[in-house]
Amino acid sequence: MLQFVSLLVRTLFPQRSTHMDTATKQSLDFNTTTFPNQRTDAQALKAAANEIRRDIIRSLVRAGSGHSGGPLGSADVFAALYFGGVMRYRPEDMHWSGRDRFVLSAGHMAPVMYAALANAGCFPKEELGTLRKFNTRLQGHPGRDMHLPGVETSSGSLGQGISIAVGMAMADKLVDHSDRRVFTLTGDGELQEGSVWEAAMSASHFKLDNFCWIIDNNDCQIDGRLPEVMNVYPIVDKCVAFGFDTVVVDGHDPDDIMRGFDVFLTNQANGTGKPTAIVAKTYMGHGVSFMNDKFEWHGKPPSHDQAVAALEELAKM
Amino acid sequence: MLQFVSLLVRTLFPQRSTHMDTATKQSLDFNTTTFPNQRTDAQALKAAANEIRRDIIRSLVRAGSGHSGGPLGSADVFAALYFGGVMRYRPEDMHWSGRDRFVLSAGHMAPVMYAALANAGCFPKEELGTLRKFNTRLQGHPGRDMHLPGVETSSGSLGQGISIAVGMAMADKLVDHSDRRVFTLTGDGELQEGSVWEAAMSASHFKLDNFCWIIDNNDCQIDGRLPEVMNVYPIVDKCVAFGFDTVVVDGHDPDDIMRGFDVFLTNQANGTGKPTAIVAKTYMGHGVSFMNDKFEWHGKPPSHDQAVAALEELAKM
Amino acid sequence: MAHELLGQKPTRFGFGEGLVTLGERHSNVIVLGGDITGSVLTSMFKEKFPDRFFSIGIAEQNATTIAAGLALSGKIPFFASYGAFCALRNADQLRISVAYNEANVKIGGGHAGISVGPDGATHQVLEEVAFLRTLPNMTMLVPADFEEARKATIAMGEMHGPAYIRFGRSPVPMFTTESSPFEIGKAQVLTDGTDVALIACGAMVWESLLAAQELAKKGIHARVINSPSIKPFDFATVTQAARDCGAIVTAEEHQVHGGLGGAVAECTAKNAPVPIEFVGVKDSFGGSGEPEELMVKFGLTWREIYASALVAMDRRDRGSSGVRAIKDVPQAQ
Amino acid sequence: MAHELLGQKPTRFGFGEGLVTLGERHSNVIVLGGDITGSVLTSMFKEKFPDRFFSIGIAEQNATTIAAGLALSGKIPFFASYGAFCALRNADQLRISVAYNEANVKIGGGHAGISVGPDGATHQVLEEVAFLRTLPNMTMLVPADFEEARKATIAMGEMHGPAYIRFGRSPVPMFTTESSPFEIGKAQVLTDGTDVALIACGAMVWESLLAAQELAKKGIHARVINSPSIKPFDFATVTQAARDCGAIVTAEEHQVHGGLGGAVAECTAKNAPVPIEFVGVKDSFGGSGEPEELMVKFGLTWREIYASALVAMDRRDRGSSGVRAIKDVPQAQ
Ligand SMILES: Cc1ncc(C[n+]2csc(CCOP(=O)(O)OP(=O)(O)O)c2C)c(N)n1
Ligand SMILES: Cc1ncc(C[n+]2csc(CCOP(=O)(O)OP(=O)(O)O)c2C)c(N)n1
Ligand SMILES: [Mg+2]
Ligand SMILES: [Mg+2]
């Protein structure tokens with residue numbers, strides 16, 4: 001005979017704690033600031049990057065899971081991309097047929113893309129608070145099925161987004177003969193996926209000077225530093241050997257990032273037939289000192305106290 | 001009501017014609033010559049390569065399907081590998097635990113590996129006549145399930161064998177701490193597979209100076225020349241950027257091929273920690289003038305008349 | 001219904017012709033080559049529409065995902081290679097970039113099944129139907145002959161969403177005509193019996209007709225069903241067959257696990273449980289040889305279908321004891 | 001038989017512990033890392049046997065094929081990653097370099113199923129059981145809890161040949177003990193009923209026990225069967241259950257097509273056709289959320305099993321008309 005021992009009174013999966021006390025709630029709240037997308041100075045881009053970083057912290061602490069390190073580290077690149085007049089889009093109509101496109105190949109970095117899109121005005125910043133929650137449009141990894149404005153494709157399996165971006169750039173340049181641009185961002189650990197090199201080979205084969213590949217070179221991945229986990233260096237030589245006009249930039253210096261994008265824009269304008277790779281030297285978790293350059297922060301959210309500390313530090317920047 | 005119209009009298013798949021008239025049968029027969037594996041001169045390696053080429057023709061014309069171009073073009077490399085004292089093996093015991101290993105990553109080139117093994121005495125040359133036939137040990141692509149001596153692994157899906165070879169070299173160097181060597185041969189079209197670059201990255205990451213990667217650079221693949229189908233050039237820059245000591249050799253000059261292998265042997269002897277890539281410049285179909293440098297011969301067998309002509313030409317070389 | 005042998009032709013030619021028709025009808029159809037364009041007949045499209053053909057080389061992951069990018073840009077991209085490589089080398093890409101994205105990507109998987117012949121096991125894909133059938137949003141088609149392959153290709157190009165078509169290398173009997181019905185999601189009843197149902201796809205449909213002809217000589221009237229649409233699956237027609245016949249044989253050039261047989265077994269278990277015998281490859285890899293030899297060796301002829309029909313009917317009429325594995329297929333006499 | 005809740009723990013910890021035991025017993029066990037060693041607990045082995053651990057980085061194709069090379073050199077290599085990437089990104093490698101080679105390669109596929117939670121659909125693999133089940137020479141295991149995962153890991157390490165184990169991220173109920181039987185190829189009857197059989201794997205075994213408990217309150221005695229060995233499959237135990245109960249519910253954290261449900265449907269169709277209801281993910285992708293929320297949303301709780309049992313019995317007792325798709329699962333009350 002079977003005996004069951006109080007089986008039903010139980011929680012199959014313990015709920016994560018996402019409780020916040022009201023005292024500090026204010027500083028964790030989303031505001032309604034948005035930023036315009038135009039050629040501007042380093043100061044303005046820094047301000048945008050700072051707001052993106054704070055929104056990353058705000059959304060992650062609410063989510064109770066997710067990736068802090070990569071998103072914080074690439075916030076300056078995203079600020080330049082979305083608010084430096086590089087990528088052409090209409091926040092009120094992200095389906096505008098003339099838009100340039102951004103594909104997040106490193107799908108786990110979704111929080112920074114979501115924060116950039118919200119700060120561009122593509123959707124209410126409040127919604128950043130739903131990151132990773134049940135039925136959210138802000139899926140843990142971008143899900144095209146959720147129709148969040150600005151999310152061009154699902155991603156989350158490393159090494160796929162860059163190929164999707166190549167396909168888009170082929171459609172633009174080789175089929176539609178338009179001047180639309182396609183940007184993609186991969187991680188540096190992601191370079192270990194062979195499919196990345198298939199994509200790279202094809203981008204130069206098809207002379208896609210409308211294709212801009214940003215590599216977030218933070219020298220970190222989940223298990224440690226790149227040379228220990230699987231050495232991808234020399235990155236620049238690889239990109240060059242695969243046919244890219246390759247430029248290395250300080251990924252935390254807005255002017256230097258813009259210099260990188262200008263190389264790309266010039267390549268396209270001059271019809272060089274060369275795709276551009278921008279190797280952005282960054283630090284994982286940059287902007288939050290206790291996360292800075294620490295691979296342990298690849299896939300962790302801040303605790304409530306850590307979030308408060310991070311926001312305070314960022315407010316002073 | 002159903003009506004069937006003489007359905008059963010039919011051949012579902014028409015049989016290929018493999019008929020040979022007895023008059024020319026002699027020249028198409030396999031002989032029993034074998035070759036020793038030792039440091040030797042170019043003349044001896046040329047003789048071995050010539051016999052390999054003739055056996056490729058003999059087996060393919062019997063098979064009535066299969067790949068002529070790659071196998072003929074890489075015969076000189078195989079001659080040096082199996083008969084130049086580079087790879088250590090015992091033809092009478094291909095399971096000898098001290099043997100070096102060869103992995104044919106370009107599985108479709110099986111005919112040249114089979115011919116080399118038969119000419120080494122690993123199995124009767126007669127058996128080359130069963131290539132691609134029902135229940136043969138000489139499967140269209142190497143099948144480990146058939147236990148042909150010298151076939152270390154199944155292959156046929158491009159870009160896998162090289163990774164298997166890396167795994168073997170890791171076992172030898174990093175686990176068993178033996179001085180066994182592992183050789184692999186990929187095609188040049190095969191370089192389009194991203195998994196090849198994953199393998200390459202890991203070979204240098206693990207400092208596998210016991211690992212020798214031969215690239216059959218015939219500039220041909222099924223659909224045409226490499227730069228048209230998908231440009232893999234510059235091959236050398238790619239190999240170097242992926243951490244290989246890379247040497248380019250004339251793949252039809254035994255001395256130059258041996259120079260390449262010597263670079264590898266020196267790397268291993270000196271413990272440089274660098275894997276070696278040998279880019280062998282070859283011509284598809286080399287040795288048979290009407291096939292020479294013609295990508296159309298990638299996957300075709302010679303007709304009976306073409307086989308006779310090819311054998312006559314080879315006999316004069 | 002008459003089922004005449006109209007000749008022999010590989011299904012891949014139907015794919016090639018269908019592509020050309022699509023190219024003529026729709027300016028946004030794009031074809032990607034995987035360095036075997038001659039084998040899978042994308043060469044026909046390339047010749048007619050060189051501007052809409054792009055060679056990606058030997059990089060099935062990239063081709064599949066580039067196709068997704070093209071689809072997200074409003075194109076209708078087809079990528080074709082051998083099924084071993086364009087259903088499995090790119091499986092993750094198919095799952096995420098194609099299926100999860102609901103990208104309008106079309107894949108043509110050639111050289112499917114044992115009848116590939118001398119190339120051997122690596123090239124004889126026998127597993128992909130099972131995988132593709134589990135992918136949400138995916139349409140999966142296995143046409144029976146040249147003409148049906150042509151129609152299926154056109155149909156998949158003109159529907160919206162991810163789709164895969166499976167076709168073969170070697171010539172197989174032609175018996176459907178321009179006027180034969182074809183619709184995604186529908187199976188066709190080819191003969192009207194109620195004694196046993198023979199449900200097949202691909203080249204095994206013709207073998208099922210042959211088996212039915214032999215059964216007819218014994219007074220057994222088999223309902224032969226052609227089920228080219230593995231997904232969406234025609235539950236109604238298969239359920240009806242189970243209810244009317246009470247015994248089923250499935251036949252496919254695929255592993256006996258998870259493919260058409262699996263779909264039929266799930267359908268009947270859900271709607272009308274009946275004995276089924278599964279004709280297919282018995283959980284083994286293929287090998288080199290001539291197609292005809294191999295089809296006999298691996299038990300993919302009308303004979304196994306015939307013998308299985310007798311067993312299935314016997315099981316229906318008298319029950320059975322013992323326990324048999326799915327791959328225990330009655331020996332052909 | 002008592003089935004006590006002994007706590008909660010993710011099955012992945014059983015994998016991690018099993019690996020360490022194997023490392024202690026066999027000096028030729030090697031582990032390959034795929035940059036998520038902490039998530040899939042290969043980190044435990046790495047810590048104890050740093051010399052026998054190799055980090056391959058984010059390159060699942062390479063890791064799988066390197067494993068094949070190691071195996072062909074007499075090693076017993078394990079490679080583990082998320083199932084989405086180590087069953088599908090490397091599908092072609094699994095088919096040819098591992099399965100066709102009969103290489104002694106062991107794969108650990110973590111983060112399987114919906115219970116992955118907030119990471120969302122891309123990471124929630126729900127298709128790999130169907131694929132792996134079709135590969136010849138492959139052993140495929142889906143343990144129900146921590147302890148069974150530990151045993152299964154050791155068992156697969158100590159058998160010869162390709163094998164895959166599926167495990168999950170989130171804590172799930174523990175109820176098997178050191179003395180519970182586990183054998184590759186065998187299912188275990190956990191409760192003895194003859195009214196309906198509930199056949200499950202993974203975390204759904206516990207849910208089946210819960211469903212059985214509720215059914216018992218109505219006087220319905222369910223036979224709960226834990227089927228961790230998807231391949232080889234225990235035809236005898238499942239056939240016996242079909243014969244004894246005449247109605248079956250299958251339950252798995254996988255698509256309703258092609259997985260355990262598919263295996264049971266094929267088995268019964270072959271040996272003892274009975275009505276089956278399939279509890280699983282209904283041909284859709286997952287999404288973000290907490291595991292508990294998602295298991296409810298996607299219909300993966302004892303409630304659906306309970307409701308399905310009533311439907312299956314009803315179908316057995318009174319037959320049914322109409323045609324339902326596999327994914328038409330009775331609503332939980
Ligand atoms: C194909 C695939 N394999 C593994 C993973 C798991 N994974 C997610 S992020 C990550 C590390 C990525 O490293 P990097 O690209 O450097 O990003 P960073 O850690 O710097 O954010 C891994 C292994 C994945 N998402 N996809
Ligand atoms: C993964 C994979 N994709 C496609 C094929 C089909 N195929 C066999 S050989 C070949 C061309 C290979 O080119 P290359 O490596 O240059 O060899 P060569 O033609 O010079 O002999 C192709 C595409 C395959 N065997 N494996
Ligand atoms: Mg990184
Ligand atoms: Mg070549």
Side-chain angles (χ1 to χ4, degrees), chain C residues 60-61 84-85 87-96 99-100 121-122 125-127 129-131 133-137 231 233 235-236 239-240 248 254-259 261-278 283-285 320 322-326 328, chain D residues 60 84-85 87-96 99-100 121-122 125-127 129-131 133-137 231 233 235-236 239-240 248 254-259 261-278 283-285 315 320 322-326 328:
Chain C
E60 296 81 7
Q61 298 182 82
F85 311 127
L88 298 181
R89 186 58 158 265
N90 56 347
D92 189 24
Q93 281 81 5
L94 283 175
R95 176 171 175 268
I96 292 178
Y100 180 42
T122 54
V125 68
L126 298 164
E127 297 80 15
V129 175
F131 168 60
R133 194 166 76 78
T134 62
L135 286 182
N137 304 328
K231 188 175 190 178
F233 191 65
F235 290 103
T239 299
Q240 196 58 51
I248 291 176
H254 185 272
Q255 301 290 355
V256 284
H257 295 125
V264 171
E266 291 167 8
C267 173
T268 55
K270 187 80 178 192
N271 294 301
V274 299
I276 305 180
E277 292 295 313
F278 301 86
D283 201 23
S284 80
F285 284 98
S320 61
V323 178
R324 291 154 70 230
I326 310 307
D328 295 341
Chain D
E60 296 81 6
F85 311 129
L88 299 181
R89 186 57 157 265
N90 56 349
D92 190 23
Q93 281 80 6
L94 284 174
R95 176 171 174 268
I96 292 177
Y100 181 42
T122 54
V125 69
L126 298 164
E127 297 80 14
V129 176
F131 168 59
R133 194 165 75 78
T134 61
L135 286 181
N137 304 328
K231 188 173 190 177
F233 192 65
F235 289 103
T239 299
Q240 197 57 51
I248 291 176
H254 186 272
Q255 301 291 354
V256 284
H257 295 125
V264 172
E266 290 167 9
C267 173
T268 56
K270 187 81 179 192
N271 294 301
V274 298
I276 304 179
E277 293 294 312
F278 302 85
D283 201 23
S284 79
F285 284 98
R315 285 178 51 207
S320 63
V323 177
R324 292 153 69 229
I326 310 306
D328 295 341

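Since this is a predicted model, take the numbers as computed values, not measurements.
- Between D:Phe131 and C:Phe131, the angle of the ring planes goes over 60°, which puts this pair in the perpendicular group of the 30/60° scheme.
- D:Leu135 touches chain C through backbone and side chain together, each having a heavy atom under 4.5 Å away.
- Both the backbone and the side chain of D:Ile326 come within less than 4.5 Å of a heavy atom in chain C.
- What you find for C:Pro273 and D:Val274 is that their closest heavy atoms are CG-C, 3.4 Å.
- A donor-acceptor distance shorter than 3.5 angstrom exists from the side chain of D:Arg315 to the backbone of C:Lys270, with no hydrogens or angles considered.
- D:Thr239 touches chain C through its side chain: at least one heavy atom from C-beta onward sits under 4.5 Å away, while N, CA, C and O do not.
- Contacts between D:Gln240 and chain C at a heavy-atom distance below 4.5 Å are absent for every atom of the residue.
- With values rounded to the nearest 0.5 angstrom, C:Asn137 atom CG is found 7.5 Å from D:Asp283 atom CG.
- Listed options C:Asn90, C:Val125, C:Leu94, C:Val129 were ranked by heavy-atom pairs under 4.5 angstrom with chain D; first place goes to C:Val125.
- Atom CD of D:Glu60 and atom CG of C:Asp92 lie 7.5 Å apart (nearest 0.5 Å).
- Annotation for D:Arg95 and C:Ala121: closest pair NH2-O, 3.0 Å, computed over non-hydrogen atoms.
- Of the residues considered (D:Phe235, D:Phe285, D:Phe278), D:Phe285 shows the highest number of contacts with chain C, using heavy-atom pairs under 4.5 Å.
- Of all the heavy atoms in C:Ala265 and D:Ala269, the pair that sits closest is CB-CB, 4.2 Å.
- Going from atom CG of D:Leu88 over to atom CD of C:Gln93 covers 10.0 Å, rounded to the nearest 0.5 Å.
- Among the candidates C:Arg324, C:Arg133, C:His254, C:Glu277, the residue making the largest number of heavy-atom pairs closer than 4.5 Å to chain D is C:Arg324.
- Distance check, rounded to the nearest 0.5 Å: CG of D:Asn271 to CD1 of C:Ile276 gives 11.5 Å.
- The contact between D:Ala272 and chain C is made entirely by backbone atoms, counting heavy-atom distances below 4.5 Å.
- Within the 4.5 angstrom heavy-atom criterion, no atom of D:Phe233 approaches chain C.
- Residues D:Ala91 and C:Ala91 share a closest heavy-atom pair of CB-CB, 3.8 Å.
- The distance from atom CD of D:Glu266 to atom OG1 of C:Thr268, rounded to the nearest 0.5 Å, is 10.5 Å.
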